[in-house]
Asker: 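Handing you a structure now.
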Amino acid sequence: MHAFDVLGDPVRRRILELLADGEMSSGAVCEVITVEFGISQPGVSQHLKVLRENGFATVRPEGTRRLYAVNSEPLRDIDAWLEQFRRFWTPHLDALATELARGKRERRLRESGDGE
């Protein structure tokens with residue numbers, strides 16, 4: 001399965017977002033996904049399996065629990081592919097950063113001028 005096919009599903013993207021904060025048990029992932037998407041435990045397990053089999057998540061047993069974590073390697077591959085497109089948004093973000101800095105500078109100058 002292609003990386004974008006894996007990440008094209010909003011449930012799998014949400015699972016990765018949860019795992020980005022740190023390792024989670026399958027039960028904890030299931031609780032959140034069931035509430036947010038109304039999917040049963042077997043359905044969540046299928047999404048975890050797709051993530052695991054396609055390299056986006058790792059799993060390790062701890063007693064009776066299975067702990068999932070993000071595997072960053074496939075995300076690096078996606079990042080490398082996206083590199084060719086960054087030119088479309090990077091200048092806009094740079095311009096935004098400049099405008100934000102200008103606004104902060106003007107606010108500081110106004111505030112220091114009010115205190116004189």
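Atom set for the values below is all heavy atoms of this structure, side chains included, hydrogens, waters and symmetry mates excluded.
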Asker: Is any side-chain heavy atom of Ile33 closer than 4.5 Å to a side-chain heavy atom of Ile15?
Answerer: yes
Asker: Are a donor atom and an acceptor atom from the side chains of Arg60 and Tyr68 found within less than 3.5 Å of each other?
Answerer: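 Short answer, no.
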Asker: Hydrophobic clusters here meaning ILVMFWY residues chained together by side-chain heavy-atom distances under 4.5 Å, can you tell me if Leu16 and Leu67 are in one?
Answerer: no
Asker: Out of curiosity, Ser25 OG to Glu31 CD, how far, rounded to the nearest 0.5 Å?
Answerer: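 One gets 7.5 Å once the value is rounded to the nearest 0.5 Å.
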Asker: Does some side-chain heavy atom of Leu7 sit less than 4.5 Å from a side-chain heavy atom of Phe56?
Answerer: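 Touching, per the 4.5 Å side-chain cut-off.
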Asker: Measuring from Glu53:CD to Gln46:CD, what's the distance to the nearest 0.5 Å?
Answerer: 8.5 Å
Asker: With side-chain hydrogen bond (donor to acceptor under 3.5 Å, both in side chains) as the test, pick out the partner of His47 among Arg14, Arg13, Arg52, Arg12.
Answerer: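 Looking at Arg14, Arg13, Arg52, Arg12, the match for His47 under the side-chain hydrogen bond (donor to acceptor under 3.5 Å, both in side chains) is Arg12.
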Asker: Determine, using the 4.5 Å side-chain heavy-atom cutoff (strictly less than), whether Val35 and Leu18 are members of one ILVMFWY cluster.
Answerer: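 No, separate clusters.
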Asker: Which value, rounded to the nearest 0.5 Å, describes the distance between Ile39 atom CD1 and Ser45 atom OG?
Answerer: 11.0 Å
Asker: Below 30° counts as parallel, above 60° as perpendicular, anything between as tilted: where do the rings of Phe4 and His2 land?
Answerer: parallel
Asker: Hey, what do you get for SG (Cys30) to CE (Met24), rounding to the nearest 0.5 Å?
Answerer: 10.5 Å
Asker: Is there side-chain contact between Val29 and Leu19, with heavy atoms separated by less than 4.5 Å?
Answerer: yes
Asker: Once rounded to the nearest 0.5 Å, what's the spacing between atom CD of Glu106 and atom CD of Glu111?
Answerer: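 Atom-to-atom, Glu106:CD and Glu111:CD are 12.0 Å apart.
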Asker: Membership question, hydrophobic clusters at under 4.5 Å side-chain separation (ILVMFWY): are Leu48 and Leu75 in the same one?
Answerer: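 Leu75 and Leu48: one cluster.
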Asker: Any chance the side chains of Arg76 and Ser72 put a donor and an acceptor closer than 3.5 Å?
Answerer: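 Arg76 vs Ser72: donor-acceptor pair found between side chains.
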Asker: To the nearest 0.5 Å, how far apart are CG in Asp77 and CG in Leu82?
Answerer: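 It is 11.0 Å, given to the nearest 0.5 Å.
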Asker: Glu23 and Ala69: which non-hydrogen atoms are nearest, and at how many Å?
Answerer: CG-CB, 4.3 Å
Asker: Any idea which heavy atoms bring Gly55 and Pro74 closest together, and the distance?
Answerer: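 It is O-CG, 3.1 Å.
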